[in-house]
Amino acid sequence: MADTFQAPRGTRDILAPESERWHVLVARFAQAARQAGYRPVIPPMFEELAVFQRVGESTEVVRKEMFLLAEREGETRQALRPEQTASVCRMFAQHRPPTPWKVFYSGSNFRYERPQKGRYRQFDQVGAEVLGTDDPDADVEIIALAWRFYQQIGLRKVTLLLNSLGDGEGRANYVAALRAYFGAHLDALSAQSRETLAINPLRVLDSKRPEDGEIVAAAPRMVDHLSAQDGAHFERVRAGLDALRVPYELAPRLVRGLDYYTRTTFEFASSALDAAQNAVGGGGRYDGLVADLGGPAVAGVGFALGVDRILLACDAEETFGPPDSAVDVFVVATVDGTDALELTDELRSAGIGADRAFDARSMKSQMKAADRSGARLALIVGSQEQESASVALRPLRLGGEQQLVPRAEVVARVRALLDAAGA
RNA sequence: GUGGUCGUAGCUCAGCUCGGUUAGAGCGCCAGGUUGUGGCCCUGGAGGUCGGGGGUUCAAGUCCCCUCGGUCACCCCA
């Protein structure tokens, strides 16, 4: 036996019916975003490594999980994208579109990490971003867009966790306060947290290690260090969410894995999933990122939602099943197959879903295939029908008797039957 | 990157503890029963080098080692 191959580690093949729900999900998201005035962008799958390094030198994503492409002479180092916000900001810096620039996207990202359920090396996200304004209403619009989308696909056990990380002086003061606080309790911290502390004190708040629990819980809170301006911004975001009746929980310890976030920060957690993969989406404001990428100093806010995890949550909540994939009509032809070829083509051209069997199987076999296809109607052409230039029309999942119709009238008769049944 | 656990037909699994005839079941698939008609039923068939490699042994799906992959926790994140 020849060597067999399998999908690379951390990737998976998505077959129907899973692939069907996947497509519907992405289409629904696109529809929701377009309805809110967002337009699609299609960033490249890879960028110069430096673009992604801007999301934070201290993050795992950049330090250990980049999918680097082989370096070629005379070219800068490139990497597969680990997320798309950085690319969107690079696009903005490069093309300088009019603001506010409201965009959405969907597609795969790549992170070289150890795979687990709901965590893959190639994973898909849908996301939306607003660049060019720091109006808190934009934050609210973004959050509401994501929230309504979860609602629309039937997820009920999603919680919005909200925080503000502040910016500028307030943020600097807070980081200093955190550093001092954790520094004073060094021996109570886990070894890993002590390392993290040296790199980015904010991320120590993220620790789930039990020995850190107590000390993290008592750590100073960002909300107490916000500047007057950032505090007002956050108040306005909260008021907006209240006005839209989008429920949220304040999460003063919520920091996110990417360092570019400022001010509003949020995460969507599904209580239907295990803690390891319960983050079904997240986002926030990144007011300095475009400038970091060589663009103008414009503000930005956005989110990304994990397609794989959303579908996992849908399974857990038993919602958003695969769409009906049945074709309308199945053509059974036992004489020479040309009838099947022509009839299916005619039906499809008329906008009727049609399928057939191959390999000149027996009528019984073709009828079984017709049944399995889920078609509501079978069209049968045997030698008798062929001689009389007619087609037998047999209801499979419809009421009524099998009838013989003239070949020339088939499409019209099929349509009439389907319409009658559909109504 | 660390630790645990699992890996037998397309799918779900039995067999492994105490090595020993041609490795089984259900579902699915194909064909026949019905020489022109699906869903139910009956009969038969195809399909597995037991994830891969090495070792122990007269003998390995069963024991040992390595490796690949899944999965769970940590880490991190979507």
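We name chains A, B, ... by the order of the sequence lines, and we start the count at 1 in each one.
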Return the nucleotide paired to [N]: Watson-Crick means purine N1 to pyrimidine N3 with N6-O4 or O6-N4, wobble means G-U with N1-O2 and O6-N3, both under 3.5 Å.
N	value
B/G32	B/C42
B/G47	none
B/C74	B/G1

Residues A/E129 and A/T85: side-chain donor-acceptor under 3.5 angstrom: yes

A/S365 side chain near B/C30 phosphate (N/O to OP1/OP2, under 4.0 Å):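 A/S365 to B/C30 OP1/OP2: no side-chain N or O under 4.0 Å.
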
Distance check needed: [N] [atom2] versus [X] [atom1], whole Å only.
X	N	atom1	atom2	answer
A/D339	B/U37	CG	P	18 Å
A/Q6	B/U67	CD	C1'	12 Å
A/M363	B/G36	CE	C1'	4 Å
A/I380	B/G38	CD1	P	9 Å
A/K368	B/C41	NZ	P	10 Å
A/E401	B/U37	CD	C1'	13 Å
A/D371	B/U37	CG	C1'	11 Å

Under-4.0 Å salt bridge between A/R256 and A/E267: yes

Carboxylate-amine/guanidinium contact A/R90 A/E48, below 4.0 Å: no

Reported CG-to-CZ distance for the pair A/L226 and A/R221, which is rounded to 0.5 angstrom: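 Rounded to the nearest 0.5 Å, the CG-CZ separation comes to 10.5 Å.
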
Chi angles and distances behind the side-chain hydrogen bond (donor to acceptor under 3.5 Å, both in side chains) call for A/Q122, A/S108: CA-CA 6 Å; A/Q122 175 175 350; A/S108 297; 2.9 Å; yes

If we take the [atom1] atom in both [N] and [M], what is their distance in whole Å?
N	M	atom1	value
B/C75	B/G3	C1'	12 Å
B/G52	B/G45	C1'	30 Å
B/C63	B/U22	C1'	24 Å
B/U8	B/G51	C1'	10 Å
B/A23	B/G47	P	14 Å
B/G48	B/A9	P	10 Å
B/C41	B/C18	C1'	43 Å
B/U62	B/G20	C1'	11 Å

Nearest-neighbour nucleotide for the A/K364 side chain, B/C30, B/C68, B/G38 considered: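 For the A/K364 side chain, the nearest candidate turns out to be B/G38.
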
Among B/U37, B/G70, B/G38, the one nearest A/Q402 by side-chain distance: B/U37

Partner of A/R263 under salt bridge (charged side-chain N to carboxylate O under 4.0 Å, His left out), chosen from A/D139, A/D135, A/D230: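 Exactly one candidate clears the test, A/D230.
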
Sugar-phosphate, base or nothing in reach of A/R361, heavy atoms under 4.0 Å: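 Here A/R361 touches the backbone only, sparing every base.
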
Touch class at under 4.0 angstrom, heavy-atom based, for A/G283 against every strand present: nothing

Per-nucleotide protein contact string for nucleotides 72-78 of chain B (B base, S sugar-phosphate only, - none; heavy atom under 4.0 Å): BBBBBBB

Quiz question: going by heavy-atom distance under 3.5 Å, is there a donor-acceptor pair between the base of [N] and the side chain of [X]?
X	N	answer
A/E385	B/G36	yes
A/Q366	B/U37	no
A/R394	B/G38	yes

Partners meeting ring-ring contact (aromatic ring centres under 6.0 Å, His included) with A/F123 (sequence neighbours left out):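 None.
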
ring-ring contact (aromatic ring centres under 6.0 Å, His included): pairs with one or both residues in residues 43-71 of chain A, sequence neighbours excluded: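 Applying ring-ring contact (aromatic ring centres under 6.0 Å, His included) to every pair that reaches into residues 43-71 of chain A, excluding sequence neighbours, yields A/F67-A/Y112.
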
A/L69 atom CG, over 12 foreign heavy atoms within 6.0 Å: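 For A/L69, atom CG is crowded (more than 12 foreign heavy atoms under 6.0 Å).
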
